[in-house]
Amino acid sequence: MLDSGVGGLSVLTALRHVLPQAPVIYAADLAGLPYGDKSEREIAARVAGLLGRMSERYQPRLACIACNTASTIALGMVRDVLEIPVVGTVPAIKPAASLTRSGVIGLLGTTATIRQPYVDNLEAEFAAGKTLIRHAAPELVGEAEAMLRGEAADADVVRRVVEGLRAHEHGEKIDTLVLACTHFPLLTEALTRELGEDVTLVDGAEGIARRIAWLTREQDFADAPMRFVATGSEERLALYRPALARYGFASTELF
């Protein structure tokens, strides 16, 4: 399971509910964080390279790109490179379209994610006749990462993001919000405080977990502890260790 940082832990939590026995290696590309401000070419090359090297080292039965930005850009390339199933993470526009009552859906993502043709295609296929308001909120990635390091989320940052979302035409009618970055569900409480309880937050974690469970159905799992590996420095990784222990990681190491 690969993400630019710790956002994919929201996907891991959903996966543990359906496959609690699955041995997981979680890879955080802390040296490349954040992905959302990089070019498509940089992201595609980095993600394909990392997953290629990880596949050689760990010999996984399946890979999950637990990052919307990386998935919307590099999923096809990675599937061409790896000879194992690869599950991506894409904005949950389909379920959001079925939930909205006002017909106005918000979408928060990184700058790179919201401009992707992949998102255009999802909107055309599943939200025709609805209004989808996309808003870039790259600053929330940093807030989620800070929370996992034991720091408090900055309420002013979250408030400004919500104000920016609401400032779009028809923004006041948003009743369903797609969290199109796996980091953002880690900030659910802070977002709900600013948006109000009447806005439904939607992310793709449960769907991804079900897909992984289906692809590994009837397979046996050896009893093995979860492992957390990361690019970057030992000093940076050490900041995350207390929170990672609470997620059940028996070891953390540099990749």
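Every heavy atom of this structure was used, including side-chain atoms; hydrogens, water molecules and symmetry mates were not.
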Side chains of R241 and T252: is there a donor and an acceptor less than 3.5 Å apart?
yes

Taking C67's backbone N and O only, do any of them form a donor-acceptor pair with S71's side chain (distance below 3.5 Å, no angle check)?
yes

Do the side chains of M147 and V158 join up, straight or via other hydrophobic residues, at under 4.5 Å, putting them in one cluster?
yes

Backbone N or O of I174 within a donor-acceptor pair of the S102 side chain at under 3.5 Å?
no

Those residues at least two apart in sequence (or on a different chain) that pass side-chain contact (heavy atoms from CB on, under 4.5 Å) with E235 are S233

Does M54, at its CE atom, have more than 12 non-hydrogen atoms belonging to other residues, nucleotides or ligands within less than 6.0 Å?
yes

Over 12 non-hydrogen atoms of neighbours within 6.0 angstrom of CZ in R211:
no

T113 side-chain N/O to G109 backbone N/O, donor-acceptor pair under 3.5 Å
no

Throw together a table of side-chain donor-acceptor distances under 3.5 angstrom for residues 125-145, partners on residues two or more places apart or in other chains.
| residue | atom | partner | partner atom | Å |
| --- | --- | --- | --- | --- |
| R134 | NH1 | I114 | O | 2.7 |
| R134 | NH1 | D120 | OD1 | 3.0 |
| R134 | NH2 | D120 | OD1 | 2.6 |
| R134 | NH2 | E123 | OE1 | 2.9 |
| H135 | ND1 | H168 | NE2 | 3.0 |
| E143 | OE1 | D154 | N | 2.7 |
| E145 | OE1 | Y240 | OH | 2.5 |
| E145 | OE2 | V6 | N | 2.8 |
| E145 | OE2 | H183 | NE2 | 2.5 |

Value for CZ (F255) from CZ (R57), rounded to nearest 0.5 Å, stands at 4.5 Å

Heavy-atom donor-acceptor pair, R79 side chain to V86 backbone, under 3.5 Å:
yes

Test: salt bridge (charged side-chain N to carboxylate O under 4.0 Å, His left out). Region: residues 39-55. Which pairs qualify, not counting sequence neighbours?
D29-R46, E40-R115

Is the CD atom of E234 crowded by more than 12 outside heavy atoms at less than 6.0 Å?
yes

Can any side-chain N or O of R166 pair as donor or acceptor with the backbone N or O of G171 at less than 3.5 Å?
yes

Side-chain donor-acceptor pairs under 3.5 Å in residues 193-203, sequence neighbours left out?
| residue | atom | partner | partner atom | Å |
| --- | --- | --- | --- | --- |
| D203 | OD1 | A205 | N | 2.9 |

Nearest 0.5 Å please: distance from the CD1 atom of I212 over to the CZ atom of R217.
14.0 Å

Between T111 and D37 (side chain of the first, backbone of the second, donor and acceptor by atom type, cut-off under 3.5 Å), is there such a pair?
no

Return each pair, listed once, that meets salt bridge (charged side-chain N to carboxylate O under 4.0 Å, His left out) where at least one residue sits in residues 91-109; pairs must be two or more places apart or across chains.
R101-D175

Can you confirm whether more than 12 heavy atoms, excluding those of E172, are under 6.0 Å from its CD atom?
yes

N/O donor-acceptor pairs under 3.5 Å from side chains in residues 59-66, not counting sequence neighbours:
| residue | atom | partner | partner atom | Å |
| --- | --- | --- | --- | --- |
| Q59 | NE2 | S55 | O | 3.3 |
| Q59 | NE2 | E56 | O | 3.0 |
| R61 | NH1 | Q219 | OE1 | 3.0 |
| R61 | NH1 | D220 | O | 2.9 |
| R61 | NH2 | D220 | O | 3.4 |

When you measure from the side chain of T192 to the backbone N and O of E189, does any donor-acceptor pair fall under 3.5 Å?
no

Say you draw a straight line from CG of L187 to CG of L179; how long is it, rounded to the nearest 0.5 Å?
9.0 Å

For S10 and G7, indicate whether the former's side chain and the latter's backbone hold a donor-acceptor pair under 3.5 Å.
yes

Could you state whether F221 and V11 fall into the same hydrophobic cluster, counting links through intermediate Ile, Leu, Val, Met, Phe, Trp or Tyr residues with side-chain heavy atoms under 4.5 angstrom apart?
yes

